[in-house]
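Here the structure is a predicted model, which means the values were calculated and not measured. Only heavy atoms go into these numbers, but all of them, side chains included; no hydrogens, no water, no symmetry mates.
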Amino acid sequence: MTNLKRSAIALLTAALLLVLILFLHPSRSQQPAEPPKPHKIIINWEKAPHAVSYNVYRRPYRIETFTKVATANNNSYEDPAVQPGERYCYVVTSIDSKGKESARSREICQTVPLP
C-alpha cells in the first residue's frame, strides 16, 4: 500500500471518528431537563385537647363540597395532589379516643404556586 493511500485512509478514519464523536456526544441542549418539582400545600393547625388523630378535608376553591383527603396523627398535613395555579380550601376535624369527630375548623385556603 502506498503512503498516499495510507494517508488517505488515516485521514478518512480520523474524519469518521470526529463525526461519530460529534454525533454521539450529547450537546447541552440534548441533556435531560431537570424534572419538574412537585407542587404541594402544607397546612398546620393547633392541636386539639384529647385528639388522637385529625381528618383533613379539601375542596377546590370554586366547589362547595369537601372531600376527605387524609387522616393525620399530628397537627400538620402536606398535600402533594394539587395542581399549579389552583386554589384549595381545607378544614380539619379532630378525632378523640372514642372515635368521635369534632366540628370542622375554619377554612384554610391556599393557592399552589406556578412552576
Side-chain angles (χ1 to χ4, degrees):
M1 193 181 283
T2 66
N3 283 340
L4 185 58
K5 284 185 180 180
R6 281 189 209 136
S7 295
I9 291 172
L11 186 58
L12 186 58
T13 303
L16 182 60
L17 283 174
L18 182 60
V19 168
L20 284 173
I21 289 170
L22 291 174
F23 179 75
L24 296 176
H25 184 1
S27 68
R28 289 181 192 249
S29 64
Q30 293 172 326
Q31 295 291 336
E34 184 176 317
K37 294 188 178 6
H39 295 284
K40 59 188 170 189
I41 288 179
I42 299 172
I43 60 169
N44 300 291
W45 56 90
E46 290 185 29
K47 290 184 177 182
H50 311 293
V52 293
S53 63
Y54 301 90
N55 285 335
V56 181
Y57 298 87
R58 175 186 69 208
R59 72 176 178 87
Y61 185 69
R62 298 185 194 323
I63 296 176
E64 297 296 319
T65 307
F66 282 94
T67 302
K68 182 179 172 184
V69 291
T71 298
N73 292 323
N74 55 32
N75 60 322
S76 178
Y77 174 67
E78 183 176 301
D79 190 352
V82 293
Q83 298 298 313
E86 295 296 320
R87 187 166 178 80
Y88 296 91
C89 298
Y90 298 82
V91 293
V92 178
T93 61
S94 62
I95 308 296
D96 66 17
S97 60
K98 296 178 184 174
K100 184 176 178 192
E101 188 172 21
S102 72
R104 291 179 172 181
S105 68
R106 68 175 182 81
E107 273 188 330
I108 301 168
C109 297
Q110 292 186 22
T111 302
V112 182
L114 290 171

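- Counting only N and O atoms by type, the side chains of Asn75 and Glu46 include no donor and acceptor under 3.5 Å apart.
- The two residues Arg87 and Cys109 make their nearest non-hydrogen contact at NH2-CB, 3.4 Å.
- Between Asn44 and Ser76, the shortest heavy-atom contact is OD1-OG, 2.9 Å.
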(message) Walk me through whether Ser53 and Asn73 qualify under side chain to side chain donor-acceptor pair (under 3.5 Å).
(response) CA-CA 5 Å; Ser53 63; Asn73 292 323; 5.0 Å; no
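- Tracing side-chain contacts under 4.5 Å through hydrophobic residues (I, L, V, M, F, W, Y), one never reaches Val91 starting from Ile95; they form parts of separate clusters.
- The distance from atom OG of Ser94 to atom NZ of Lys100, rounded to the nearest 0.5 Å, is 10.0 Å.
- Heavy-atom minimum distance, Pro84 versus His39: CG-CD2, 3.3 Å.
- In summary, the aromatic rings of Trp45 and Tyr54 are positioned with their centroids under 6.0 Å apart.
- With contacts defined as side-chain heavy-atom distances shorter than 4.5 Å, the pair Val52/Asp96 does not qualify.
- Residues Ile43 and Val56 come closest through the heavy atom pair CD1-CG1, 4.1 Å.
- Clustering ILVMFWY residues whenever any of their side-chain heavy atoms sit less than 4.5 angstrom apart, transitively, puts Ile108 in the very cluster that holds Val82.
- Here the closest non-hydrogen pair linking Glu107 and Phe66 is OE2-CZ, 3.1 Å.
- Under 3.5 Å, the side chains of Thr71 and Asn55 contain a donor-acceptor pair of N or O atoms.
- The two residues Tyr88 and Gln83 come nearest to each other via the heavy atoms OH-N, 3.1 Å.
- Taken from CD in Glu101 to NZ in Lys68, the straight-line distance is 7.0 Å, to the nearest 0.5 Å.
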